[in-house]
Amino acid sequence: MISTFNLLFALKKAKILANGTAPIYLRITIEGDRLEFTTKRYINPSRWNASAQKMAGSHEEARTFNQYLKTLEQQVYDAHRQLIEARQPVTVQCLKDKVLGKSDTAEIKMLVPIFKEHNRRIAALVGKEYAAGT
């Protein structure tokens, strides 16, 4: 059973770009294990409210930005719930993979097996749709 699960959004001041914006990272902590990944959103550091973990202001840009962060937060909570319901181990890496749509059970196809499968299918059609020279 998980005793601690926390997530927060943080401004990465160490990665400020030339245009003056810095990336917002999502930090997930489970049982003291921490993992950070980018939200793919950038903000001017003066507009970031660290205590509220959102963009300061009430204009349309701030509402859209904060709605994106809330949606991402909800995706993390949903993925956490799904892992618990499926009785799978809940680790920071499993949770990140679930949120980002990565799966370790996905089949990785290499180039040679793809060509072998293609050639097998074409060979089965020789005389019907293709000539032997094809």
Side-chain angles (χ1 to χ4, degrees):
M1 176 109 199
I2 295 174
S3 61
T4 60
F5 169 69
N6 192 20
L7 65 93
L8 65 92
F9 294 99
L11 181 73
K12 274 282 197 195
K13 291 181 181 178
K15 295 188 177 191
I16 292 180
L17 301 177
N19 64 3
T21 60
I24 302 296
Y25 272 65
L26 173 61
R27 178 186 297 160
I28 301 172
T29 307
I30 298 176
E31 290 289 330
D33 291 331
R34 216 185 288 180
L35 186 85
E36 289 183 346
F37 59 96
T38 182
T39 61
K40 298 179 183 163
R41 294 294 187 261
Y42 294 82
I43 186 173
N44 188 320
S46 65
R47 299 181 70 193
W48 179 249
N49 183 340
S51 62
Q53 299 179 32
K54 63 181 186 175
M55 180 188 272
S58 60
H59 46 77
E60 185 62 30
E61 181 187 10
R63 282 194 294 270
T64 304
F65 189 90
N66 293 333
Q67 185 61 41
Y68 175 81
L69 295 181
K70 277 292 185 193
T71 302
L72 186 58
E73 180 181 29
Q74 188 59 48
Q75 288 174 352
V76 172
Y77 283 121
D78 289 344
H80 181 256
R81 181 186 46 77
Q82 289 171 5
L83 287 173
I84 290 174
E85 287 175 354
R87 299 190 186 277
Q88 294 178 343
V90 182
T91 64
V92 288
Q93 191 62 50
C94 290
L95 196 55
K96 176 186 173 189
D97 291 345
K98 186 96 169 150
V99 169
L100 297 179
K102 295 180 183 178
S103 175
D104 54 346
T105 60
E107 181 181 333
I108 298 172
K109 292 192 175 191
M110 301 301 284
L111 190 58
V112 172
I114 291 172
F115 272 104
K116 284 183 179 178
E117 176 64 19
H118 171 266
N119 292 343
R120 186 190 60 74
R121 287 183 182 175
I122 297 299
L125 295 174
V126 169
K128 298 175 187 170
E129 294 181 25
Y130 293 98
T134 304

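As the structure is a computational prediction, the values presented were derived from the model and not from experiment. In what follows, residues are counted from 1 in the order of the sequence shown.
L7 has its side chain out of reach of T29: every pair of non-hydrogen atoms, C-beta onward, lies at least 4.5 Å apart. The closest side-chain heavy-atom distance from R63 to E60 is below 4.5 Å. Side-chain atoms of I24 and I43, non-hydrogen and from C-beta on, do get closer than 4.5 Å to each other. At a threshold of 4.5 Å between non-hydrogen side-chain atoms, the residues D97 and Q93 count as touching. Residues F5 and V90 form no side-chain contact, since every pair of their non-hydrogen atoms from C-beta on lies 4.5 Å or further apart.
Scored by the side chain to side chain donor-acceptor pair (under 3.5 Å) test, E36 finds K12, R27 as partners (sequence neighbours excluded). By the side-chain contact (heavy atoms from CB on, under 4.5 Å) test, N119 pairs with no residue at all, sequence neighbours left out. Residues passing the side chain to side chain donor-acceptor pair (under 3.5 Å) test with S58, sequence neighbours excluded: none. Considering only residues two or more places apart in sequence or on other chains, S46 meets the side chain to side chain donor-acceptor pair (under 3.5 Å) condition with N44.
Residue pairs that meet the ring-ring contact (aromatic ring centres under 6.0 Å, His included) test with at least one member in residues 15-68, sequence neighbours left out, do not exist here. Under the salt bridge (Lys or Arg N to Asp or Glu O under 4.0 Å) criterion, the residue pairs touching residues 73-91 are K70-E73, R81-E85, with sequence neighbours excluded.
The two residues A22 and L11 come nearest to each other via the heavy atoms CB-CD1, 3.6 Å. Pairing each heavy atom of A62 with each of G57, the nearest pair is CB-O, 3.6 Å. Nearest heavy-atom pair across A79 and V99 is CB-CG2, 3.9 Å. A pairwise comparison of heavy atoms in P45 and T21 identifies CD-CA, 4.5 Å as the closest pair.
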Self-check item: Worked check of side-chain contact (heavy atoms from CB on, under 4.5 Å) between L83 and L95
Solution: CA-CA 8 Å; L83 287 173; L95 196 55; 4.0 Å; yes
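One hydrophobic cluster, built from ILVMFWY side chains closer than 4.5 Å, holds both V76 and L35. Each of L8 and L69 belongs to its own hydrophobic cluster when Ile, Leu, Val, Met, Phe, Trp and Tyr are linked at side-chain heavy-atom distances under 4.5 angstrom.
In this structure, the separation between CD on Q67 and CG on L72 is 11.5 Å, given to the nearest 0.5 Å. Note: I122 CD1 to E129 CD = 8.5 Å, rounded to the nearest 0.5 Å. The NE2 atom of H80 lies 12.5 Å from the NZ atom of K98; values are rounded to the nearest 0.5 Å.
Of the possible donor and acceptor atoms, one in the side chain of Q53 sits under 3.5 Å from a partner among the backbone N and O of F9. For N66 (side chain) and M55 (main-chain N/O), a donor-acceptor pair under 3.5 Å exists by modelled atom type.
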